[in-house]
Amino acid sequence: MSAPAKGSKLFCLLAEYDNPEALVVAIKRAKEAGYTKLDGYSPYGVAEIADALGFVKSEMATVMLCGGLVGATSAFCMQWYLNAVDYPLNVAGRAVSDPIGWLDSWPSFIPVTFEGGILTCALSGLFGLLAVCGLPRPHHPLFNAPKFEAATRDKFFLTVEANDPKFDLNTTKEFLLGLQPQSVVEVPE
Amino acid sequence: MSTGVLEQHGDGPGVAPHVEAMPLAIGGNHSLGSVVDSIGDIATCVKPHPREWYIVFAAGFAMFGMFAVAVTYLLTMGTGIWGINVPTAWGFAIINFVWWIGIGHAGTLISAILLLLHQRWRTSINRFAEAMTIFAVMCAGVFPLLHMGRPWLAYWLFPFPNNFAMWPQFRSPLAWDVFAVSTYFTVSVVFWYVGLIPDFAVLRDSSPTKIQKWIYGMLSMGWRGSAYHWRRYEKVYLILAGISTPLVFSVHSIVSFDFAVSIVPLWHATIFPPFFVIGAIFSGFAMVLVLAIPLRKWYHLEDFITDWHIDCCAKVMLATGMMVSYGYFSEVWMAWYSHSEYEWGTSKQRMFGPYGWSFWCLIFCNFVVPQILWVKKWRMNSIVLFSVSIVALIGMWFERYVIVITLTREYIPAAWGRYAPTIWDWATFIGTFGMFFTFFMLFVRYVPMISMTEIRELLPKKSGGRDGHASAEGPP
């Protein structure tokens with residue numbers, strides 16, 4: 001399954017490195033050469049790889065902030081609506097008679113508001129991460145590459161995708177071989 | 001091939017001096033691959049499991065069986081089989097609930113707060129401490145559910161449209177508790193799972209059998225380690241740590257509100273939230289040590305859980321032990337200083353009344369015994385430290401016992417009573433240990449108990465890591 005069958009579409013070229021520093025250098029050179037559909041793979045997160053790819057700031061903070069605010073607001077409004085409008089419950093004189101006046105007991109609504117915000121923030125983090133990364137995706141062309149298993153163990157990989165406008169099998173392969181990888185393989189779609 | 005490119009992103013060419021002075025976070029001479037072999041092979045059962053695993057699992061499973069019997073009898077007969085009655089209507093159920101949930105808090109503290117504080121020693125122990133949190137919260141949740149008498153109606157606790165047109169009363173700490181504990185459980189699971197995704201991917205790629213590859217592959221969600229994914233992942237992980245930190249404080253504060261918002265003498269105190277949170281961390285670290293000391297010996301994980309880790313946990317225990325002791329002093333002081341007849345009278349009852357022995361037991365366990373930890377030689381002795389941790393766990397259980405049986409002596413003598421647990425109280429309590437150890441042992445068997453991803457980041461650069469190591473060299 002390493003070499004693509006004749007006529008099958010190519011997904012990318014995969015260059016292997018055994019340390020993150022070499023991968024970062026290779027990514028920078030590939031960027032300078034004008035390639036845009038690049039990605040780097042590593043067994044643990046290496047900030048410099050993402051920096052070299054130009055992905056400096058992720059969108060996850062915004063996703064989680066919005067998720068948390070939605071949850072906190074809904075939790076507060078829910079409590080007010082349930083305990084002040086739909087079924088007013090006057091316990092221990094902690095409230096007055098009209099629904100807006102019931103907001104006088106807002107401090108008692110804070111714990112659940114806080115927990116609601118935290119809950120939706122965490123859930124939007126998990127599901128947002130999966131959605132933005134396009135996961136779950138148990139079958140990906142890269143898993144067909146024979147050595148790619150080592151990407152979770154101790155190897156670092158650079159991919160140049162075949163849909164890159166500058167991609168040409170022979171010249172790109174030549175170029176990658178010039179970046180001193182340990183190997184370059186073709187990964188079929 | 002220059003390695004100098006990394007300098008512009010780091011803290012400068014060298015490693016900060018305080019890092020060099022710190023002890024080893026990882027012993028031995030590990031490479032990226034050997035970390036996977038040492039930790040992953042336990043979860044994939046390539047390495048045989050020690051005999052002790054079978055013993056603990058069998059004992060845990062037997063106790064879990066006892067739990068099943070106790071719960072079946074409880075559901076048949078009702079909560080009358082427990083020793084609860086007015087004035088002590090909660091009894092063991094709330095003691096055990098608070099105790100278990102407190103134990104859980106150390107897991108979140110280690111994984112979240114110590115991450116934010118850049119404490120590298122958290123990395124080896126956070127994974128199993130988070131598992132401990134999840135299982136401890138499950139054990140805790142059992143008690144209020146069973147205490148309801150009709151646990152199948154537990155969903156009444158949540159606001160849902162129903163034909164009684166009734167809603168929870170959101171100005172009650174008991175309603176807050178439902179949201180606090182369920183949020184805490186969910187967020188702990190999310191945090192744990194997010195941390196596990198890359199490790200499941202490692203197991204997918206290193207498992208020997210097809211079925212393991214398939215299961216771990218599904219659990220890893222097809223994680224492939226793209227730099228784009230890592231950047232998002234690390235942001236999510238950091239924010240989860242950031243929100244878990246106030247969460248863990250809020251949860252035990254809300255648990256303490258169950259007591260402090262009432263007007264029972266010695267319960268109605270502003271010290272309760274911090275006092276509860278610190279006690280939770282104290283007992284939680286004791287449980288971390290009770291689990292870490294045998295685990296690292298049985299699985300030969302001394303390279304990852306070094307003496308330094310154990311020493312740090314012991315120091316946290318000593319510090320938090322002193323803080324809870326301050327709480328005990330403060331309670332008595334405030335009772336005396338308030339000139340409230342009831343506060344002071346109840347304090348005297350607590351110390352010298354019919355349950356006085358339990359108060360002195362807690363002082364002995366939580367204040368006297370942990371003083372041993374001032375001596376480094378004893379902190380370094382596994383047997384001494386393990387024993388102190390067990391004593392601290394017993395002491396923290398007594399703390400909640402002392403608080404709850406305050407109900408036997410409050411305002412008017414006509415309302416005084418006695419409380420004694422029955423054999424079914426004990427069977428349920430010991431049964432939750434069975435539940436805890438059954439789940440924990442299964443976790444040890446099938447899930448990497450130390451984060452391989454984070455350990456590999458800690459490796460020195462020359463081993464392919466990211467320089468969390470003490471003897472790290474700057475880029476050449």
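Since this is a predicted model, take the numbers as computed values, not measurements. Letters A, B, ... mirror the listed sequences (proteins, then strands); counts begin at 1.
- For A/E174, the CD atom counts as loosely surrounded, since its 6.0 Å shell holds 12 or fewer non-hydrogen atoms of other residues, nucleotides or ligands.
- With a 4.5 Å cut-off on non-hydrogen atoms, B/M218 touches chain A through its side chain but not through its backbone.
- To the nearest 0.5 angstrom, A/T113 atom OG1 is 9.5 Å from B/F170 atom CZ.
- A heavy-atom distance below 4.5 Å is found between the side chains of B/Y233 and A/L129.
- Heavy atoms of other residues, nucleotides or ligands lying less than 6.0 angstrom from NZ of A/K37 number 12 at most.
- Among A/G40, A/P138, A/C121, the residue making the largest number of heavy-atom pairs under 4.5 Å with chain B is A/G40.
- Ranked by non-hydrogen atom pairs under 4.5 Å with chain A, the options B/S253, B/P159, B/A180 are led by B/A180.
- Of the atoms belonging to B/I254, it is side-chain heavy atoms, and not backbone ones, that fall under 4.5 Å from chain A.
- Heavy atoms only, all atoms of each residue included: A/A122 and B/V190 are closest at O-CG1, 3.8 Å.
- Counting only heavy atoms from C-beta outward, the side chains of B/L247 and A/E115 approach each other to under 4.5 Å.
- With hydrogens and angles disregarded, no donor-acceptor distance shorter than 3.5 Å links the side chain of B/R231 to the backbone of A/K57.
- Of all the listed residues (B/R204, B/H229, B/M166), the one sharing the greatest number of non-hydrogen pairs under 4.5 Å with chain A is B/H229.
- Between A/L126 and B/V236 there is no side-chain heavy-atom pair separated by less than 4.5 Å.
- Within the 3.5 Å criterion, the main-chain N or O of A/S108 finds a donor-acceptor partner in the side chain of B/W176.
- When heavy atoms are compared at a cutoff of 4.5 Å, B/P173 does not approach chain A at all.
- In terms of modelled atom types and a separation under 3.5 Å, the side chain of B/R224 and the main chain of A/L142 share no donor-acceptor contact.
- Taking CZ of A/F148 as the start and CG of B/D205 as the end, the distance is 8.0 Å to the nearest 0.5 Å.
- A/F143 approaches B/W223 most closely through the heavy-atom pair CZ-O, 4.0 Å.
- Residues A/Q79 and B/F179 fail the side-chain proximity criterion, which asks for heavy atoms closer than 4.5 Å.
- Checking side-chain atoms of B/W167 against main-chain N and O of A/Y87 turns up no donor-acceptor pair under 3.5 Å.
- Listed here is the closest heavy atom pair of A/F114 and B/P246: CZ-CB, 3.6 Å.
- Per-residue heavy-atom pair counts under 4.5 Å with chain B were compared for A/L53, A/I49, A/T159, and the maximum is reached by A/L53.
- The contact between A/L38 and chain B is made entirely by backbone atoms, counting heavy-atom distances below 4.5 Å.
- Within the 4.5 angstrom heavy-atom criterion, no atom of B/F191 approaches chain A.
- Chosen from A/A151, A/G116, A/S42, the residue pairing most often with chain B at heavy-atom distances under 4.5 Å is A/S42.
- For chain A, no part of B/W214 is nearby; none of its heavy atoms comes within less than 4.5 Å.
- If you take CE on B/M221 and CG on A/L130, they are separated by 5.5 Å, rounding to the nearest 0.5 Å.
- No other option in A/V63, A/V56, A/L123 has as many heavy-atom pairs under 4.5 Å with chain B as A/V56.
- Both the backbone and the side chain of B/V202 come within contact range of chain A, with heavy atoms under 4.5 Å apart.
- The distance from the OG atom of B/S220 to the CZ atom of A/R137 is 13.5 Å, given to the nearest 0.5 Å.
- Contacts between B/T453 and chain A at a heavy-atom distance below 4.5 Å involve backbone atoms as well as side-chain atoms.
- When heavy atoms are compared at a cutoff of 4.5 Å, A/F157 does not approach chain B at all.
- Taking each heavy atom of B/K213 and A/E149 in turn, the nearest pair found is NZ-OE2, 4.0 Å.
- When each of A/E59, A/M60, A/M64 is checked for a side-chain contact (heavy atoms from CB on, under 4.5 Å) with B/K235, only A/M60 meets the rule.
- Comparing B/V35, B/L238, B/I239, B/V36 by how many heavy-atom pairs each has under 4.5 Å with chain A, the most go to B/I239.
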